[in-house]
Amino acid sequence: MEVIIQPDPGSGSVLAAQIISNLLKRKPNAVLGLATGNTPLRLYKELIDMYKRGEIDFSRVTTFNLDEYVGLPCDHPASYNYFMYENFFKHVNIPKNQIHIPDGAVEDIPAFCLAYEQAIKDAGGIDLQLLGIGRDGHIGFNEPVSSLSSRTRIKTLMEQTLKDNETFFEREDHIPHHVITMGIGTVMESGSILLLAFGTGKAHSIAQTVEGPLTAMVPASILQLHPHAKIILDKDAATHLSRAAYYQTTYDGKPDWQKF
Ligand code: GLP
């Protein structure tokens with residue numbers, strides 16, 4: 001696990017965009033696993049700007065999103081489908097048939113989940129999986145005690161996650177309690193992981209993820225077993241890390257070619 005502490009969310013997002021841009025230079029047909037939430041919004045803006053400046057081309061990229069609410073049609077403003085099109089896809093040149101997001105309105109959820117796993121395999125697997133993290137240490141929507149080898153499936157959200165995410169819903173809408181999410185086993189098969197966390201609200205779950213024991217109570221702690229996981233933090237999200245100075249010195253001492 002490589003922990004990279006940046007001064008603020010802006011510089012963390014720029015660094016994440018450079019890492020993705022470098023991957024696309026090496027592999028223009030890369031498969032990206034994408035995430036929603038407030039955390040990756042600046043990264044998406046950065047990638048859009050790079051695309052507009054002609055620095056990055058997504059025409060051969062394939063994407064798979066992590067999760068979606070069950071029962072929401074794709075055009076619902078609080079759906080992750082809507083989020084992804086509004087905040088990223090409609091601004092860049094990824095062909096629509098190369099974009100995959102779980103469909104929360106599907107009737108046969110188990111069959112859909114199997115097909116989603118198969119589609120990831122057929123695409124050659126995910127090269128880079130982008131992740132945020134919940135306050136309780138969840139990744140995707142894999143809440144604590146999720147099987148650490150789980151695959152794409154339906155899950156029930158915890159109270160804290162419902163509260164944290166209800167800001168995306170209008171008052172008259174009820175946030176769905178069920179979701180479809182890639183499993184932890186699915187995420188762990190990605191070639192590389194890029195987890196972003198900003199703000200003091202994430203400091204506790206980040207300390208547990210990076211320095212705590214590996215446990216299903218903190219699903220993100222499984223990343224300790226991934227050979228290529230980068231954790232990009234701002235100073236606030238790093239406040240509970242006991243080895244922060246070591247991570248900082250290590251990263252600062254790297255030559256530029258190793259930083260991205
Ligand atoms: C939701 C999403 C996660 C995301 C998390 C944190 O639970 N399913 O993928 O990482 O929220 O969101 P935020 O970045 O808004 O804190």
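The first residue of the sequence shown is numbered 1, and numbering continues consecutively from there. Every number for a ligand or one of its atoms is a count from 1 in the order of the listing.
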- Message: For Ile133, which part has a heavy atom under 4.0 Å from ligand 1: side chain, backbone, both, or neither?
- Response: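 Only the backbone of Ile133 comes within reach of ligand 1.
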
- Query: Side chain or backbone of Phe168 under 4.0 Å from ligand 1, or both, or neither, by non-hydrogen atoms?
  - Reply: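 Neither; nothing of Phe168 gets under 4.0 Å from ligand 1.
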
- Message: Is there a polar contact between ligand 1 and Thr36, counting only N or O atoms under 3.5 Å apart?
- Response: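 Checking ligand 1 against Thr36, no N or O pair falls under 3.5 Å apart.
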
- Query: Can you check whether Asp67 has an N/O within less than 3.5 Å of an N/O in ligand 1?
  - Reply: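 Indeed, backbone or side chain, Asp67 has an N or O that close.
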
- Message: Would you say CD of Glu107 has more than 12 non-hydrogen atoms from neighbouring residues, nucleotides or ligands within 6.0 angstrom?
- Response: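 For Glu107, atom CD is not crowded (no more than 12 foreign heavy atoms under 6.0 Å).
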
- Message: Counting only heavy atoms not in His204 (residues, nucleotides, ligands), do more than 12 fall under 6.0 Å from its NE2?
- Response: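 Count not over threshold, so no.
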
- Determine the minimum heavy-atom distance between Met1 and Thr209, stating which atoms define it.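 What the structure gives for the nearest pair is CE-O, 3.9 Å.
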
When you measure from [atom] to every protein heavy atom, which one gives the shortest distance, and what is it?
atom	result
atom 15 (O) of ligand 1	Asn38 N, 2.8 Å
atom 12 (O) of ligand 1	Gly37 CA, 4.0 Å
atom 11 (O) of ligand 1	Asn165 OD1, 3.7 Å

- Message: With the threshold set at under 4.0 angstrom, would you say Lys202 reaches ligand 1 through any of its heavy atoms?
- Response: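 For ligand 1, residue contact (heavy atoms, under 4.0 Å) with Lys202 is present.
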
- Query: Does at least one non-hydrogen atom of Gly140 fall below 4.0 angstrom from an atom of ligand 1?
  - Reply: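 For ligand 1, residue contact (heavy atoms, under 4.0 Å) with Gly140 is present.
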
Using a 4.0 Å cut-off to any heavy atom of [X], which atoms of ligand 1 qualify?
X	answer
Gly132	10 (O)
Tyr80	1 (C), 2 (C), 8 (N)
Thr39	13 (P), 14 (O), 16 (O)
His138	1 (C), 5 (C), 7 (O)

- Query: Between Met84 and Ile99, is any pair of side-chain heavy atoms under 4.5 Å apart?
  - Reply: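 Not touching, per the 4.5 Å side-chain cut-off.
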
- Message: Do Tyr80 and Val179 make a side-chain contact, defined as non-hydrogen atoms from C-beta onward lying under 4.5 Å apart?
- Response: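 They are not in side-chain contact.
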
- Query: Got a salt bridge between Arg151 and Glu189, using NZ or NE/NH1/NH2 to carboxylate O under 4.0 Å?
  - Reply: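 Salt bridge: yes.
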
- Query: In terms of side-chain geometry, is the basic nitrogen of Arg42 or Glu46 positioned less than 4.0 Å from the acidic oxygen of its partner?
  - Reply: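 Judged by the 4.0 Å cut-off on N to carboxylate O distance, Arg42 and Glu46 do not form a salt bridge.
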
- Query: Parallel, tilted or perpendicular: which fits the ring planes of Phe64 and His100, with parallel below 30° and perpendicular above 60°?
  - Reply: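 The arrangement is parallel - the two ring planes meet at less than 30°.
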
- Do Phe58 and Phe88 have their ring centres less than 6.0 Å from each other?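 Yes, ring centres under 6.0 Å apart.
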
